[in-house]
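Structure, as C-alpha cells:
Excluded from the calculations below are hydrogen atoms, water molecules and symmetry mates; all remaining heavy atoms, backbone and side chain alike, are included. Chain A is the first sequence line, chain B the second, and so forth, proteins listed ahead of strands; every chain is numbered from 1.
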Protein chains: 2
Amino acid sequence: MKRATAQNVAIEAGVSKWTVIRAFTPGASITEASKAKVLEAAERLNYRPNLLARSLATNSTHQVAVLVDDFANPHKLPFLEKLTASLQAEGLVTMLININEHYSHVHAILNADQRQVDAIVLFGTAFHDEMLTDHKLGRGGPPMFVLARDSQIEGVPAISCDAVVAIAEIGKYLLEKGYRRPGFMAGAVHCLRRLAGGGTLRSFGEPLSGSNSSRCLPSAIAQESGAQAARDYLSKIAPEDRIDVLMCENDALAFGAMDVARSEFGLRVPNDLAIVGFDNAAPAASPAYGLTTYEQPTDQMVKATIDMILERAPRETVNFQGKLVVRGSA
Amino acid sequence: MKRATAQNVAIEAGVSKWTVIRAFTPGASITEASKAKVLEAAERLNYRPNLLARSLATNSTHQVAVLVDDFANPHKLPFLEKLTASLQAEGLVTMLININEHYSHVHAILNADQRQVDAIVLFGTAFHDEMLTDHKLGRGGPPMFVLARDSQIEGVPAISCDAVVAIAEIGKYLLEKGYRRPGFMAGAVHCLRRLAGGGTLRSFGEPLSGSNSSRCLPSAIAQESGAQAARDYLSKIAPEDRIDVLMCENDALAFGAMDVARSEFGLRVPNDLAIVGFDNAAPAASPAYGLTTYEQPTDQMVKATIDMILERAPRETVNFQGKLVVRGSA
DNA sequence: TTGTATGCGTTATCAA
DNA sequence: TTGATAACGCATACAA
C-alpha cells in the first residue's frame with residue numbers, strides 16, 4: 001500500500017492540497033474548520049508528511065553528518081551520546097559515518113555532501129589536516145567542523161580542549177607530587193595533543209613509544225596498543241632506569257599500560273610506576289583502575305558545535321579548558 | 001554560490017539534462033564522446049548529483065535508522081561500529097537516533113518514517129514490545145527490525161542471541177565448577193534474557209535485585225547500578241548466607257559488582273564470590289577484571305540484519321548461538 | 001543514442 | 001483564507 005500524500009488527503013477532505021499543507025504548517029493562515037476537516041481526513045488516510053520532499057523544496061535537511069574514525073576509544077560513546085542528544089533537541093538528526101580502511105573520509109564527505117546535510121562534523125582523532133582539503137567540495141558544500149581535535153584549516157573551525165593548558169596543568173601537578181622522571185605515551189591520534197605533550201612533557205621527560213615519529217599513525221587507537229607499548233618498554237628498560245610516571249595520550253592507552261605494569265610486571269601503581277591518562281573515560285573512575293586523568297569539557301564543546309552549526313555563534317575555532325581529575329594512579 | 005545542477009551541466013556541455021543524468025548513471029546508454037563531454041563540464045562546474053532529489057524520485061533513500069536507547073553499555077560501541085560499517089559496505093547510511101527521556105521511541109520512529117528511511121533497526125535494550133506497536137505507521141511505513149533483543153511482535157523480526165541456550169550453558173558450567181548457591185542480577189533491560197534467567201538460574205538460585213519486578217525498569221543500565229545492587233546485597237546479607245556466584249545480565253553490571261565486592265568488602269574474586277557477565281565487553285578481557293562472560297555472535301547478527309533489510313533473507317526472527325568465554329572470575 | 005514529457009511530494013509566491 | 005502556478009533536482013517511460 002502506497003503512503004498517502006497531501007494530494008490524497010486534499011481529495012478526501014474536499015479541499016486543495018495547499019490547504020492540507022497549511023494544516024500541517026504551524027502558524028499558517030487557515031480556519032479552524034478547514035484545519036479540523038483536513039486533520040480528520042489525514043487521520044483516516046494515515047497521512048504523514050514527507051520530509052524528503054520538504055527538504056528538496058526548502059533546501060535544508062536538518063541532518064548533520066558526524067564522521068567518527070575511532071570507535072575503539074571508550075571516551076567516544078558518551079561524547080557521541082551527548083552530541084546526538086543535543087542535535088536532536090534542536091530538531092537535527094545525526095547521520096553517523098564510520099571512517100575506516102574500507103570507507104575513507106573523502107568518500108564520507110562526498111556522500112554527506114550529496115545527501116545535502118546541513119553540516120559535517122568530524123568527530124575526532126585521526127583526521128589529518130590534509131584530509132579536510134582534498135575533497136574539493138567548494139561551491140555550495142555544507143559547512144564543516146572539527147570536534148575534539150585541533151585543526152589549522154582555513155574555513156574549518158575546530159572545537160576542542162586546550163591541549164597546551166592541559167599538559168601544562170598535568171605537568172605542574174606531577175612535579176608537585178615529586179615525580180622527576182616522567183615519560184609519555186602517544187597514541188595514533190590527536191596530533192596536536194601529542195605535539196603539546198612533546199613540547200611540554202618532553203622538557204622534563206622522554207617519549208615512551210611512537211612519538212619519535214612526527215606523523216600520525218594510521219592505526220586505530222586501543223587499549224591493546226597501550227599494553228604492547230608498555231610491555232616493550234618494561235621488558236627492555238631495567239627497573240632503576242625507568243621513568244617514575246607515565247603520561248598517556250588517552251585513557252585507553254593508560255588502561256592497557258596499567259594492566260601490563262601490574263599483572264605482567266608486578267608493579268604497584270602509583271608506587272612503582274604512576275600513570276596518568278586523558279579523557280576521563282568511564283573505567284577510569286572504577287576502583288579497578290582509579291586513573292588520574294584529564295577531563296574534556298564535553299558539554300561545552302557539544303554546545304559550541306551546535307551553536308556554530310545553527311549560526312548562533314561565529315564559526316571560528318574555540319578552545320575550552322578541561323580539568324584534572326585526581327585519583328589514585330598518580 | 002549555489003550548487004550546480006544537471007541542468008547547468010547540460011547547458012555547459014551543450015546537451016540535454018537527461019544526457020547528463022545518463023553520464024552519471026552506470027550502465028546507461030550514452031556514447032563515450034557525450035559522456036566525456038559531460039564529465040568535463042561537470043568537473044568545471046563542480047557538479048555533484050543531489051541524492052535527495054534522487055531519493056524522492058526513486059522512492060528509496062538508502063538510509064537506515066538505528067535507534068539506540070542504552071549508550072551506557074560498553075558493549076554497544078563495537079556492535080554499533082560493526083553495524084554501521086556493514087551498512088556502509090552495502091551503500092546504506094546510518095541515521096543514528098538516541099532514545100532517551102527527551103526523545104521517545106515513538107518520536108524517533110515517526111521521524112525516521114517521515115524521512116523515508118529504508119528500514120528501522122531498534123538496537124537494543126529497553127524497548128518494550130508495546131513500544132513497537134503504538135506508533136501506528138501501517139500503510140507504507142518502513143520495515144522494522146529488533147536487534148540484540150527479543151520481540152514477540154507480529155511483523156517485527158528479532159535478530160538476537162539465544163538467551164535460553166546461553167543461560168543453560170552458563171548454568172551448566174557453573175554447576176560443573178562446583179558452585180551451588182548462585183544468584184543473578186538483572187538490569188533494566190533485555191527483558192527476555194532476564195526472563196530466561198528467571199526460568200533457568202532461578203531453578204537453582206535467587207535473584208539478587210530488581211528481578212522481583214516483572215516489568216522492565218525504565219532507567220539506563222550502567223556500571224553504577226551493578227555497584228549499588230552489589231553494595232545493597234553485601235551489606236545486608238551475612239557472609240555465611242551469601243551466594244557463591246553472581247550471574248549478571250550484562251558486563252557493565254558485573255564490573256560494578258566486582259568493583260564493590262573487591263574494593264569495598266575486600267572479597268576475592270572468584271574465591272569469595274565468583275562473578276559472570278554477559279556480552280564480553282572490552283574491559284572484560286582486561287586483567288583488571290578478567291571476567292568470565294558470554295559473547296554474542298555480533299558478526300552473524302549484523303549480517304543477518306542487513307540481509308533482511310536488503311531482502312536477501314526472509315524477514316523472520318532468528319536466534320544465534322553465542323559462546324561462553326571463560327576467564328578468572330568464575 | 002538522444003531529447004521530450006511527466007512524475008516524485010513538498011514549499012514559495014502570487015492571485016483570487 | 002484559499003486556490004493556482006512554478007520550482008526543487010532527478011528518474012522513468014517513451015518518442016525521435
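- Here A/Ser29 lies in heavy-atom contact (under 4.0 Å) with a base.
- Each of C/dA12, D/dC10, D/dT2 was ranked by its minimum atom distance to the side chain of A/Thr19; first place goes to D/dT2.
- The distance from the CG atom of B/Leu96 to the CG atom of B/Leu67 is 8.5 Å, given to the nearest 0.5 Å.
- The backbone N or O of A/Asn46 lies less than 3.5 Å from a partner atom in the side chain of A/Arg48, making a donor-acceptor pair.
- Between the side chain of B/Arg22 and the base of C/dG3, at least one donor-acceptor pair of N or O atoms lies under 3.5 Å.
- As a whole-Å value, the separation of A/Asn50 CG from D/dC8 P is 18 Å.
- Proximity of A/Lys2 to the phosphate of C/dG9: a side-chain N or O atom is located under 4.0 Å from OP1 or OP2.
- Panel note: side chain A/Thr25, backbone A/Ala28; no donor-acceptor pair is recorded below 3.5 Å.
- Counting any heavy atom pair closer than 4.0 Å across all strands shown, A/Ile30 reaches sugar-phosphate atoms only and no base atom.
- Taking atom CZ of residue B/Arg54 and atom P of nucleotide C/dG9, one finds them 18 Å apart after rounding to whole Å.
- In this structure, the NZ atom of A/Lys17 is 10 Å from the C1' atom of D/dA4, given to the nearest Å.
- If you take CG of A/Leu52 and P of D/dC10, they are 13 Å apart, rounded to a whole angstrom.
- Taking every side-chain heavy atom of B/Thr5 into account, D/dC10 is the closest of D/dC10, D/dA11, D/dG3.
- The end-to-end axis angle of the helix from C/dT1-D/dA16 to C/dA16-D/dT1, rounded to 10 degrees and based on five pairs per end, is 40°.
- The distance from atom CD1 of B/Ile21 to atom P of C/dG7 is 18 Å, rounded to the nearest whole Å.
- Within the 4.0 Å cut-off from OP1 or OP2 of C/dT1, not a single side-chain nitrogen or oxygen of B/Ser34 is found.
- Side-chain N or O atoms of B/Asp118 include one that pairs as donor or acceptor with a backbone N or O of B/His62 at under 3.5 Å.
- An OP1 or OP2 oxygen of D/dG3 is reached within less than 4.0 angstrom by a side-chain nitrogen or oxygen of A/Ser16.
- Between A/Arg48 atom CZ and C/dT10 atom C1' the separation is 16 Å, expressed in whole Å.
- Judged purely by distance below 3.5 Å, without hydrogens or angles, the side chains of B/Arg115 and B/Asn111 pair a donor atom with an acceptor atom.
- Where B/Lys35 and A/Ala57 meet DNA chain C, the nucleotide closest to each residue was compared, and B/Lys35 sits on the side nearer the 5' end.
- Atom CG of A/Asn59 is separated from atom P of C/dA12 by 11 Å (rounded to the nearest Å).
- Contact check, A/Thr31 against D/dT2: a side-chain N or O comes under 4.0 Å of OP1 or OP2.
- Formation of a donor-acceptor pair under 3.5 Å by the B/Arg315 side chain with backbone atoms of B/Ile309 is found in this model.
- Residue side chain A/Trp18 does not reach the base of D/dT1 through any donor-acceptor N/O pair under 3.5 Å, judged by distance alone.
- Here B/Leu56 lies in heavy-atom contact (under 4.0 Å) with a base.
- Across all strands shown, B/Phe24 has no heavy atoms under 4.0 Å from either base or sugar-phosphate atoms.
- Formation of a donor-acceptor pair under 3.5 Å by the B/Thr19 side chain with backbone atoms of B/Val15 is not found in this model.
- The nearest whole Å value for the distance from the CZ atom in B/Arg115 to the P atom in C/dT10 is 14 Å.
- Within 6.0 Å of the NZ atom in B/Lys303, the count of heavy atoms belonging to other residues, nucleotides or ligands does not exceed 12.
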